[in-house]
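Predicted model, so just to flag it, every value in this text is computed and none were measured. For the numbers below, each heavy atom of this structure counts, side chains included, while hydrogens, waters and symmetry mates do not.
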Amino acid sequence: MSRSLRRGALAATALVFSLATLSACGAGNNAQTLGVRPDNAATSVDAITIQNATVVTQPEANAAGPAVVTGTVFNNGGIAQTLDSVTLPGTSATVKLSPAKGSGPVTVPSHGSVQLGGAGNASAVIENGHEATKNGDAQQVVFTFSRTGDVGLRAFVWPANSFFKDVGPSTSPTPSGTPSGSSSGTPAAGAEGESGQPGGTADTPSDSASASH
């Protein structure tokens, strides 16, 4: 075989190998290509994979009220696991877990998944979300499972706007301020006339009329 033909055959073999490697990396829940997503927190420990973990706060800036932890939890093992707790280390946050239906623990079935956040899904509500998180931060979040144990990652904190709107907190904050003050306040000073004497300007026409007589 000539030298040029040998070089062509080697190049073709290298191309086939690189394509096969890329295809293998992009398959399954543990795909290596997940690691190149800077805006979606994802990690795997043993049989558990967590993807798209995000802390979603109230839509209004600086509004008080709960926040939620969203994401998808995959169980690649042959035994179901329960999500026993979600914590935010370094904060005083309390996270309440609820299944999609009924009461009890959040169970991730074997070779199945559970979605956190959104209508009809399980939920992880941060009771004091305003005090515990700050928009734009990368918050440490730890998921604790019945068999795998702790699975931690850093999740970005975003308000419930745009594509986070449907998975944000379902409870809106109570409007702040004193809305009744503007309606029950005293009339403005200008309403009494420039002299400050109510009805002062109304007497002027009658005074001028008597003077003409």
Side-chain angles (χ1 to χ4, degrees), residues 29 31 33-45 48-75 82-108 112-145 150-185:
N29 297 328
T33 49
L34 293 173
V36 300
R37 292 182 175 180
D39 57 343
N40 293 319
T43 190
S44 293
V45 176
I48 295 296
T49 295
I50 300 173
Q51 294 181 6
N52 301 324
T54 309
V55 177
V56 183
T57 60
Q58 294 289 334
E60 300 86 4
N62 300 320
V68 296
V69 178
T70 70
T72 307
V73 179
F74 295 91
N75 180 4
T82 58
L83 175 58
D84 295 333
S85 67
V86 175
T87 56
L88 279 62
T91 75
S92 60
T94 301
V95 182
K96 180 181 179 181
L97 290 172
S98 300
K101 296 180 180 179
S103 58
V106 175
T107 301
V108 189
S113 64
V114 166
Q115 174 69 40
L116 292 176
N121 298 321
S123 64
V125 179
I126 307 171
E127 302 289 351
N128 51 338
H130 174 67
E131 294 82 359
T133 60
K134 182 180 179 182
N135 290 340
D137 281 357
Q139 174 66 52
Q140 180 71 19
V141 181
V142 175
F143 300 77
T144 302
F145 296 89
D150 292 348
V151 179
L153 47 69
R154 286 196 173 273
F156 283 112
V157 183
W158 297 110
N161 295 320
S162 185
F163 41 82
F164 292 117
K165 182 178 180 180
D166 294 334
V167 295
S170 59
T171 305
S172 298
T174 302
S176 59
T178 54
S180 59
S182 59
S183 60
S184 60

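- Proximity of a side-chain donor or acceptor of Q115 to a complementary backbone N or O of A122 within less than 3.5 Å is not detected.
- Of all heavy-atom pairs spanning T72 and S113, the tightest one is CG2-CB, 4.2 Å.
- Scanning for side-chain contact (heavy atoms from CB on, under 4.5 Å) contacts around V167 gives V56, T70, F164, with sequence neighbours left out.
- When all heavy atoms of A67 and P169 are compared, the closest pair comes out as CA-CG, 3.8 Å.
- Put simply, the side chain of Q58 never gets that close to the backbone of P159: no donor and acceptor are under 3.5 Å apart.
- Atoms CG and CG, on N135 and N161 in that order, are 9.0 Å from each other to the nearest 0.5 Å.
- Of all heavy-atom pairs spanning T54 and F156, the tightest one is CG2-O, 3.3 Å.
- The two atoms that bring T133 and V55 nearest to each other are CG2-CG1, 3.9 Å, heavy atoms only.
- Using cut-offs of 30° and 60° for the angle between ring planes, the F145 and F143 rings count as parallel.
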Without placing hydrogens or testing angles, list every side-chain donor-acceptor pair under 3.5 Å for residues 84-97, not counting sequence neighbours.
| residue | atom | partner | partner atom | Å |
| --- | --- | --- | --- | --- |
| D84 | OD1 | T82 | OG1 | 2.8 |
| S85 | OG | T144 | OG1 | 3.4 |
| T91 | OG1 | L88 | O | 2.8 |
| T91 | OG1 | A93 | N | 3.2 |

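- Residue I126 holds its CD1 atom at 7.5 Å from CD of Q139, rounded to the nearest 0.5 Å.
- In this structure, V141 and A155 approach most closely via the heavy-atom pair CG2-CB, 4.1 Å.
- D150 CG to I48 CD1: the interatomic distance, rounded to the nearest 0.5 Å, is 12.0 Å.
- Looking at V114 and L83, their side chains never come closer than 4.5 Å, going by heavy atoms from C-beta outward.
- In terms of heavy-atom proximity, P105 sits nearest to P99 at O-CB, 3.9 Å.
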